[in-house]
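Heads up, the thing below is written out as structure tokens.
The model shown is predicted, which means the values in this text are computed figures rather than measured ones. Below, chains carry the letters A, B, ... as their sequence lines are ordered, and counting in each starts from 1. Side chains included, hydrogens not; waters and symmetry mates left out as well; all remaining heavy atoms used.
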Amino acid sequence: MQFQFQADLARFFQEQFQCESFPVAVELCPAEFSGDVTVSCFPFAKALRRNPMQLAGQVCEFLAAHPDIEKAEAVKAFVNLTLKPAALMRDTIADPDRLQASSLLPESERQRILIEFSAPNTNKPQHLGHVRNNTVGMATASILERAGHQVFRINLVNDRGIHICKSMLAYQRFGEGTNPEKAGKKGDHLVGDFYVRFDQEFRRQIAELKANNPAFADKDSDELFLETEIGRSAQQMLQKWEQGDPEVRQLWQTMNQWVFDGFAETYRSMGVQFEHTYLESQTYTLGRDIILKGLENQVFKRREDGAVIIEFEEPNLGSKVVLRSDGTSVYVTQDIGTTLLKQNEYQPDRQIWVVGDEQKYHFQVLFAILKALGYSWADQLTHMAYGMVNLPSGKMKSREGTVVDADDLFEEMANLAREATLQRNKDEVPADLEQRAQVISMAALKFMLLKVNPKTTILFDPQASIKFEGDTGPYVLYAYARISSMLRKAAETSKNNAQADWGLLADEAEKKLALRCALYPETIHKAARELDSSCLAAYLLDLAKDFSTFYNRCSVLNASDPALRKTRLELSARVRNIIADGLHTLTIGTLESM
RNA sequence: GUACCUGUAGCUCAGUUGGAUAGAGCGUCUGGCUACGGACCAGAAGGCCGGGGGUUCGAAUCCCUCCAGGUACGCCA
């Protein structure tokens, strides 16, 4: 918000106290006081080293005489202002271009930003946890872009490793030559079934093993992996894969392709897109040379057993193996390699990883190593750690089948949205019913995930499902559809060429709505600066709520005179544009009717 | 054991560069349709902001401590 009187007040301070100029902030006046906006005098009191109450008196006196202000009232250290409607509208929404332009960051602050998210494994379909990652990743990228940054969305698919070999092995043994077409199943689901099948067989063998060897009785099953026949076979398969065994590679290629095809469909439903997808099978050896070079430069050292390690000065980080004693890479080594690759290929000013908060330590280690290696950009790396999605029964586990599957969830949600839409349109089934069901259900789901702070752990109750009423995506969509409907009607019935006159908008609800609109640019800035979609989601709810209040109090199409009607239509149209802009920034679509 | 995260209304969550009487939604209870679209609006009830101490004119917010829940600390990824 930027009002004329703020600049005037700043000048007043300069003259009155012979001081440097400092910014004058305003906020919305709380509902329990009368006024449109409030000036808090605590910041001035600090800057000027004066009594805040006394300052409030002076500020009140100055502003009461200001031509834009109808009434100024000092309450303790606050000055509550009622603005003249014409001035309020002039400084908030009368000029939509200004609103649009000010939501972009200044040129000097815009960066090239690379954001990596999703990063699925190719042994199973995606579940609600991945949906949160994808949604947060896409929305964050989109928010950064909206604020003026240049953004590159990157996926790094974990397409190799023991977990994939498990699915492959189970397929060889129990698959009977099936494929997605024969099974009538999405490829990622089919491969996931074999992952679960592997685990069943593994657990059967573990039980058998424990029954026959009392010594194993209290060991946990991960420790006994190589004691089982099927575990050893999976290990052997991984070794064959690494040696490039043609048969294993062929099967790997085939099953991975099934999964990629399945993922493509899931991504399409969600509107997820990447500038580039890296495959771990092509990058996993990259970090090793850098480690060896670092070993020469004494960033790392070789332990007696041959492993290469780094010892951190920071005690909480301890020490970390970066090359195994057999010379192969570990997880963090691979990430060092891919980070450098991305840095070289995209030359970003900043890299962001959207990865679960359980990997905080990993990223601390990664960033600390890159810093130790002397890369100047190493302090421009951010781990955007988000919380898990848990079920009432606890954590989701793919191999135990206790997950909310992404595709199933999308389908259920779309069914609910379709029913609700039909319920509302009993007379005539809308031609675009499918489209509506898709947009509404995705809006509900994404909004639910985006309105909470990314770092909170979400509890998702499948029984309670996802609501379409109250604090939801559909509520915001509904405000948009209502305005659209109103504007359509206005276009049909408009017979006059009345001019908008902003001074006519004097109702509480009209002023509140205009003020809310004016808060949009700073909300975008905050969301981008803090990588937090939730403040934008909360803003859109407030905006939609303020619109609904206005809509119920102030008649638009049947307004008492043509100029008032025209002005209210203009106001509504601006609200509609902001809702659309905001929802699209959260990667949520809009509907003209619902 | 050490580090980090979380603890706010019955439930799900906002609110921290310290500022007015702590806010929404759901649920519960009252009202509002001769409708510019009821996926709505107006209102009520519901809180020692996990406990205790401290700093401050002022603390949900900062510091200390305790309690509860979660996560991480692999030559797994």
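With rounding to whole Å, Glu492(A) atom CD is found 15 Å from rC36(B) atom P. Atom-to-atom, NZ of Lys76(A) to P of rC57(B) comes out at 17 Å; the value is rounded to the nearest Å.
Once the 5.5 Å centre distance and the 30° plane angle are applied, the aromatic ring of Phe42(A) is found stacked with the base of rG19(B). Stacking is found between Tyr551(A) and the pyrimidine-like six-membered ring of the rC36(B) base under the 5.5 Å centre-distance and 30° plane-angle cut-offs. Evaluation of Phe33(A) against the base of rA20(B) yields a stacking contact (centre distance < 5.5 Å, interplanar angle < 30°).
Cation-pi geometry between Arg160(A) and Tyr284(A) is satisfied (NZ or CZ under 6.0 Å from the ring centre, within 45° of the ring normal).
Using a 4.0 Å heavy-atom distance criterion, Arg568(A) is classed as making no nucleic acid contact. If you check every strand for non-hydrogen atoms under 4.0 Å, Leu459(A) touches sugar and phosphate atoms only. Glu280(A) comes within 4.0 angstrom of sugar-phosphate atoms only, judged by non-hydrogen atoms across all strands, and of no base.
Across every strand in view, rA68(B) sits in a pair with rU6(B) that passes the Watson-Crick or G-U test at under 3.5 angstrom.
Of the two residues contacting RNA chain B, namely Leu317(A) and Asn558(A), the nearest-nucleotide position lying further toward the 5' end is that of Asn558(A). Mapped onto RNA chain B by nearest heavy atom, Tyr475(A) and Val321(A) fall at different nucleotides, with Tyr475(A) at the one closer to the 5' end.
Distance noted for atom C1' between rC57(B) and rG52(B): 24 Å (whole Å).
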